[in-house]
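What follows is a short report on a single structure.
Proteins get letters first, then strands, A, B, ... in listed order; numbering begins at 1 in each.
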2 protein chains.
Amino acid sequence: MKKGVHDYAAYVTLNIIGGKWSMLILCHLRKGAVRFCEFPKLIPGLTQKMLTKHLRELENNGLVRRAVYPEIPPKVEYTLTSHGKSLIPVLDLLEQWGKEHLKMSAAHSDANLHILSQPKDCQ
Amino acid sequence: MKKGVHDYAAYVTLNIIGGKWSMLILCHLRKGAVRFCEFPKLIPGLTQKMLTKHLRELENNGLVRRAVYPEIPPKVEYTLTSHGKSLIPVLDLLEQWGKEHLKMSAAHSDANLHILSQPKDCQ
DNA sequence: CGCGGTAGTTTCCAAAAGGTAAGTTATAAA
DNA sequence: TTTATAACTTACCTTTTGGAAACTACCGCG
């Protein structure tokens, strides 16, 4: 999913949080600052390359703030900006719908086996 | 974005509406039934192949219903299921946040040029 | 001098997603 | 007989995305 000047602002939102890891990163930032090296521990499978890439994107979109502490060894912390925090309700709703959907599809795959006798589709 | 067994149900939602065209297709279905051949007219750039692919996905996820009318030339209509309709508030929120974001980033790129004298970031 | 720790960047490769264009089927109308 | 139409499917190719692993820089420590 990328580009394309469609009339829907929802498209913009998906371009921002639709990457493979962005949403996961944001979810962990909800609770407060996270160090660079903490992310891969929090998010299994996330590599440094993908982490930097998505963090830069989120930073460029004004959702996260990058704070560098001039220490050795280096320390960099990421936090949500206020704009980033405005995404939390959106994430919550996505979360909530996802849960409903999982319940639904579980129920449905059970049901298929013994209940259904209604017409499934007009055809 | 695909796969990955993370703890966030929001991930599930994004897998469903996160494709390049799914959200656009759903948006047009909000108003009612749409024929196959109407989609490419409604959504510039959408090809038949991508359309079928995403429609099948949405169908498999129980969000849209496919109704075939046995006529020549063929007629196939797609509608939202009730489960599909439950996504509308989600799409609306994505839309709303996207609009806010566009306002924000427009304001920000203006502001950058003359206003800012605050520290941008601790570094 | 070499090691460890943090925060990256870079290179190289594989997989997934997406696009183009042509083919398919069925029938009715010209 | 050819054409047109709707709804697909298929083959082939390009682009995008993602991942593994190595490399850089910095400095203190032993």
Quiz item: Distance check: side-chain N/O of Tyr78(A) vs OP1/OP2 of dG8(C), anything under 4.0 Å?
Solution: yes
Quiz item: Contacts to DNA chain C from residues 33-44 of chain B, heavy-atom cutoff under 4.0 Å, which residues?
Solution: none
Self-check item: Sidechain N-carboxylate O distance under 4.0 Å for Lys103(B), Glu100(B)
Solution: yes
Exercise. Name the closest nucleotide to the His54(A) side chain, picking from dG19(C), dA22(D), dG18(D).
Key: dG18(D)
Exercise. Would you tell me if any nitrogen or oxygen in the side chain of Lys53(A) comes within less than 4.0 Å of OP1 or OP2 on dG18(D)?
Key: yes
Exercise. Please name all residues satisfying ring pair (Phe, Tyr, Trp, His ring centres under 6.0 Å) with Tyr8(A), sequence neighbours left out, ordered by chain then number.
Key: His28(B)
Practice problem: Provide, to the nearest angstrom, the distance between the NZ atom belonging to Lys49(A) and the P atom belonging to dT24(D). | Solution: 18 Å
Exercise. Would you mind telling me which of dG19(C), dT9(C), dC8(D) lies closest to the side-chain atoms of Met50(B)?
Key: dG19(C)
Quiz item: So does Lys75(A) get a side-chain nitrogen or oxygen closer than 4.0 Å to the phosphate oxygens (OP1/OP2) of dG5(C)?
Solution: no
Self-check item: Residue whose nearest DNA chain D nucleotide is more 5′ - Leu46(A) or Pro74(A)
Solution: Leu46(A)
Quiz item: Does Arg56(A) place a side-chain N or O at less than 4.0 Å from the phosphate oxygens OP1/OP2 of dG8(C)?
Solution: yes
Quiz item: Counting N and O atoms only, with roles assigned by atom type, does the side chain of Ser22(A) sit under 3.5 Å from a partner on the main chain of Ile17(A), one being a donor and the other an acceptor?
Solution: no
Quiz item: Can any side-chain N or O of Thr81(A) pair as donor or acceptor with the backbone N or O of Leu63(A) at less than 3.5 Å?
Solution: yes
Quiz item: So what does Thr52(B) touch, heavy atoms closer than 4.0 Å: a base, only the sugar-phosphate, or nothing?
Solution: base
Practice problem: Using a strict cut-off of less than 4.0 Å between a Lys/Arg side-chain nitrogen and an Asp/Glu carboxylate oxygen, indicate whether Glu38(B) and Lys41(B) qualify as a salt bridge. | Solution: yes
